[in-house]
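Nothing fancy with the numbering, it's 1 onward along the sequence.
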Amino acid sequence: VQLQASGGGLVQPGGSLRLSCAASGSIRSFLSMGWYRQAPGKQRELVARITTGGSIIYEDSVKGRFTISRDNAKNTVYLQMNSLKPEDTAVYYCNAAAVRAYWGQGTLVTVSS
């Protein structure tokens, strides 16, 4: 399984971006899919996760600003990010969990004026 993340870029504070994670196979086969991020000098952290059954969790700092969703027909998971803050700057990684974990290559999000 390969995961292709896209949608990162440079955005001003308060702006929006939508990240996409396209899987090479059916995402229905995964227990969950999610987005993690890693800022310079920090550990990778969970941002949001959605299970096959539709349960969703968010990291506290993104609640109310980020929305994770999935399109099973397109085998794609999205992360809509609104009201972006400089502290959201990080490399964002797509993750798929099954018997093992799969990772995408990461996409850089920079929030700066």
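Separation of atoms CG (Asn95) and SG (Cys21) is listed at 8.5 Å; rounding is to 0.5 Å. Taken from OG1 in Thr76 to CE in Met33, the straight-line distance is 8.0 Å, to the nearest 0.5 Å. With rounding to the nearest 0.5 Å, the separation of OG1 in Thr52 from CG in Leu31 is 6.0 Å. Thr107 contributes atom OG1, which lies 10.0 Å from atom OH of Tyr93 (distance to the nearest 0.5 angstrom). Residue Arg49 holds its CZ atom at 11.5 Å from OG of Ser55, rounded to the nearest 0.5 Å.
The main-chain N or O of Ala5 is found under 3.5 Å from a side-chain atom of Gln105 such that the two form a donor-acceptor pair. Between the side chain of Asn75 and the backbone N or O of Ile27, at least one donor-acceptor pair lies under 3.5 Å. Using modelled atom types, no side-chain atom of Tyr58 and backbone atom of Gly64 make a donor-acceptor pair closer than 3.5 Å.
Aromatic ring pairs are classed by plane angle as parallel below 30°, tilted from 30° to 60° and perpendicular above 60°; the pair Phe66 and Tyr92 is tilted.
When all heavy atoms of Gly7 and Leu17 are compared, the pair lying nearest together is O-CD2, 3.8 Å. The minimum heavy-atom distance linking Leu79 with Ala48 is given by the pair CD1-CB, 4.1 Å. Nearest heavy atoms, Leu108 versus Ala90: CD1-O, 3.6 Å. The shortest non-hydrogen separation linking Ser83 to Asp88 is O-OD2, 4.4 Å. In this structure, Pro13 and Ser113 approach most closely via the heavy-atom pair CD-N, 3.7 Å. Pairing each heavy atom of Val111 with each of Lys85, the nearest pair is CB-O, 3.2 Å.
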Legend entry - From CA spacing to verdict: side chain to side chain contact (heavy atoms under 4.5 Å, CB included), Ile50, Ser69: CA-CA 7 Å; Ile50 183 168; Ser69 62; 5.6 Å; no
Legend entry - Worked verdict on Thr67 versus Tyr78 for side chain to side chain contact (heavy atoms under 4.5 Å, CB included): CA-CA 8 Å; Thr67 302; Tyr78 303 97; over 6 Å; no
Inset, instruction - Could you please spell out the steps behind the side chain to side chain contact (heavy atoms under 4.5 Å, CB included) verdict for Met81 and Val11? - result: CA-CA 11 Å; Met81 305 186 295; Val11 63; over 6 Å; no
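Note: the hydrophobic cluster containing Tyr102 also contains Leu19 (ILVMFWY, side chain heavy atoms under 4.5 Å, direct or indirect links). No continuous path of ILVMFWY side-chain contacts below 4.5 Å connects Ile68 to Trp103, so the two sit in separate hydrophobic clusters.
No cation-pi contact links Arg44 to Tyr36, judged by a cut-off of 6.0 Å to the six-membered ring centre and 45° from its axis.
Comment: Lys63 engages Asp60 in a salt bridge, judged by a side-chain N to carboxylate O separation of less than 4.0 angstrom.
Between Trp35 and Cys94 the shortest side-chain heavy-atom distance falls below 4.5 Å. Arg37 places none of its side-chain heavy atoms less than 4.5 Å from the side chain of Val109. Side-chain contact check for Leu46 versus Glu59: every heavy-atom pair is 4.5 Å or farther apart.
Counting heavy-atom neighbours within 6.0 Å of Glu45 CD, excluding the residue itself, gives a total above 12. For Glu87, the CD atom is densely surrounded, since the number of other residues' heavy atoms within 6.0 Å is greater than 12.
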